[in-house]
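Residue numbers begin at 1 in each chain, while the letters A, B, ... track the order of the sequences.
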Amino acid sequence: MARLDLEKLSKRYGDFFAVRDVSLQIADGEFLVLLGPSGCGKTTTLRMVAGFIEPSDGAVRLGGSDVTVLPPWKRNAGMVFQSYALFPHLSVAQNVAFGLEMRKLPRADIERRVEEALALVRLTGFGGRLPRQLSGGQQQRVALARALAIRPDVLLLDEPLSNLDAKLRQEVRVEIRELQRQLGLTTVMVTHDQEEALTMADRLVVMNEGAVRQVGSQRDLYERPADRFVAGFVGRSTFLDGAVEAPGRFRTDGGLALACAGGMPGRAALALRPERVEIAPSANTNMSGLDNSLPGTVEFVSYLGALIDIHVRLSPQDRLVVQIANRDGGFAPDVGQPVQVGWPAAAGLVFNE
Amino acid sequence: MRHLRRWALNGAAAVALGYILMPLVFVVWLAFFRQEIPSFPPDGYSLKWFAAILDQRKFVDGFRNSLQVGVLATAIGLALGVPAALCLARRPFRLRTPVASLLLMPLIVPGVVLGTSMYVFHVELENGLDVDVLGTFYALVAGHIVIVIPWVVRLVTASLAGLDRATEEAAQNLGANPWVTFWRITVPAIRPGIVAGALFGFVTSFGNLEMSLFLVGPGRTTLPIVILQYLEWKIDPTIAAVSVVQIVLIGGAMLITDRYVKLARVV
């Protein structure tokens with residue numbers, strides 16, 4: 001395993017930047033996740049690391065040596081593809097052995113390492129099967145074993161879980177993460193699924209429109225999003241549009257005066273996490289401890305099982321989503337019901353435009 | 001009403017199938033007639049016409065010539081057609097659509113037109129280069145390559161559509177250079193298309209009459225031409241027997257091929 005450095009990496013197609021000035025340092029043994037909507041450049045970045053796309057600018061360093069212009073077959077990077085890309089005409093063992101044969105290892109070593117790799121992904125005894133005789137989850141593990149067998153300097157995962165059903169996905173997430181820790185694999189994973197990203201990563205990179213928007217831990221991204229995009233993409237936020245009148249004072253376009261933390265005077269959006277807002281029936285309201293306390297009307301309720309989303313109309317222009325836990329004897333809102341909502345000033349994040 | 005519709009459909013299919021099979025049935029039947037001038041009903045049955053094939057050197061020579069031309073044309077057609085199909089399927093270039101149509105053209109152009117134009121071309125080539133072209137074995141093979149290529153291009157292109165390109169990237173990621181990737185990953189994946197293209201190309205070449213008529217030299221005739229020449233002065237069932245042998249060989253080749261690659265999937 002080795003460290004991986006991306007230095008001002010860019011990929012330009014004509015005037016369009018698919019990736020722009022991406023610089024990242026991935027430490028030996030670190031699990032880094034590139035997160036972003038489709039078309040944000042995360043896959044292009046990963047493919048530049050693998051060598052399938054030649055960067056227009058910048059450098060890729062693997063274990064300190066510059067591999068920017070090396071073709072894929074000369075880099076020691078193991079990749080797991082979204083479609084798994086197993087060789088359909090080769091058995092599971094032959095699939096896993098492929099990279100070792102390319103490295104011209106002696107027959108006995110190849111057999112031993114194939115066994116080891118299959119054992120790592122709990123597929124011992126499946127070596128003789130063809131890929132099409134395996135379930136989706138098993139195929140995914142073969143793809144992982146194949147990438148691990150070559151003992152890569154870096155493991156690259158391109159949406160590796162997107163073809164699995166929801167239940168299996170949760171298990172495989174944990175498995176991959178444990179394997180990665182146990183082997184100390186330097187890993188870069190690409191995903192658009194934020195839950196997947198949050199549960200697996202040591203560190204996350206949020207990308208949009210080809211650029212890195214924020215790098216940090218799960219907590220950094222959620223509690224201190226760098227911009228409106230990150231606030232909306234990681235977790236969920238309700239945005240109230242308006243303006244900061246003075247630091248600490250926000251007025252929505254609907255005319256509500258709200259207390260907020262900081263902000264520069266001028267057009268801005270106030271972002272609120274749905275679970276940070278308190279809600280109570282109007283009748284027995286006691287929200288005096290909160291900086292903001294407003295009346296509203298329940299407009300829409302969506303029942304999610306453990307949680308309930310309540311959409312509250314505060315003014316003709318302002319609507320807020322409140323999320324509450326579904327407890328015995330807890331608040332059970334009805335559409336049209338008058339309610340009181342409130343939150344501390346610090347819960348509202350201000351993003352100037 | 002639904003019954004009626006199904007009956008109509010099945011009936012139409014049966015008529016079409018019968019229409020296609022009828023000549024084959026008669027040719028096969030005729031091959032076993034005893035008398036020399038075919039007439040119905042037959043006087044009796046015999047295998048002597050099959051024996052008669054081997055007595056006539058021109059049938060045996062024609063068969064050998066057709067086989068040699070077909071095999072060589074198919075081999076070269078594959079060497080040219082497979083890379084062409086890969087290029088058409090993967091490299092976006094400006095003239096892709098016209099080039100793709102051009103490569104399939106020999107399937108549409110009548111054999112006589114193809115033969116005439118090649119004949120003229122060979123005459124010009126011979127005059128210009130001052131070497132023997134017309135009527136040579138290699139000129140004939142060159143002509144047949146033209147009718148093999150469309151089949152290879154068409155069927156290989158079809159099987160390329162089912163290839164996950166990520167498998168090629170996976171191979172490169174594991175350390176295989178493009179050459180190794182092509183032979184170990186791409187070729188096995190498009191093998192059904194290659195095999196089917198080779199088979200249909202070979203059959204087309206083997207059975208070609210019109211174009212070959214213009215290109216063969218004296219003493220180097222192919223089987224279809226031998227059959228035609230024989231028919232000009234004799235109509236005994238030898239010809240039917242030759243046809244039966246051809247049908248059995250080609251049908252056998254198809255059945256064997258189908259065991260390894262399902263032809264229905266690529267054609």
Discussion item. To the nearest 0.5 Å, what is the distance between CH2 on Trp73(A) and CD on Glu169(B)?
Written reply: 11.5 Å

Discussion item. Please determine whether the number of non-hydrogen atoms from other residues, nucleotides or ligands lying under 6.0 Å from atom CZ of Phe93(B) exceeds 12.
Written reply: yes

Discussion item. So, taking the atom named CE in Met102(A) and the one named CG in Asn173(B), what distance separates them when rounded to the nearest 0.5 Å?
Written reply: 12.5 Å

Worksheet entry | Leu100(A) CG to Leu174(B) CG distance, which is reported to the nearest 0.5 Å | 8.5 Å

Worksheet item: Is the shortest heavy-atom distance from the side chain of Arg75(A) to the side chain of Gln172(B) under 4.5 Å?
Response: no

Discussion item. For Arg146(A), which atoms come within 4.5 Å of any heavy atom of chain B: side chain, backbone, both, or neither?
Written reply: both

Practice prompt. Look at Thr181(B), Ile185(B), Asp164(B) and state which one has the largest set of heavy-atom pairs under 4.5 Å with chain A.
Written response: Ile185(B)

Worksheet entry | Neighbour count >12 (heavy atoms, 6.0 Å) for atom CZ, Arg90(B) | yes

Worksheet item: Which pair of non-hydrogen atoms, one from Phe98(A) and one from Ala176(B), has the smallest distance, and what is that distance?
Response: CE2-CB, 3.8 Å

Item to complete: Determine the minimum heavy-atom distance between Ala166(B) and Ser83(A), stating which atoms define it.
Response: CB-OG, 3.7 Å

Worksheet item: Above 12 or not: heavy atoms from other molecules or residues under 6.0 Å from CZ of Phe121(B)?
Response: no

Worksheet entry | CZ-NE2 distance between Arg191(B) and His89(A), expressed to the nearest 0.5 angstrom | 9.0 Å

Item to complete: Report, as yes or no, whether the 6.0 Å neighbourhood of atom CD on Glu54(A) holds more than 12 heavy atoms from other residues, nucleotides or ligands.
Response: no

Worksheet item: Mind checking what makes ring pair (Phe, Tyr, Trp, His ring centres under 6.0 Å) contact with Trp7(B), not counting sequence neighbours?
Response: none

Item to complete: Please say whether more than 12 non-hydrogen atoms of neighbouring residues, nucleotides or ligands are located less than 6.0 Å from CZ in Arg47(A).
Response: yes

Discussion item. I need the Glu168(B) CD to Phe87(A) CZ distance, nearest 0.5 Å.
Written reply: 10.0 Å

Worksheet item: Measuring heavy-atom distances to chain B, does Gln82(A) have an atom under 4.5 Å in its side chain, in its backbone, in both, or in neither?
Response: neither

Worksheet item: Which atom names give the shortest non-hydrogen contact between Thr167(B) and Pro88(A), and what distance separates them?
Response: CG2-CD, 4.4 Å

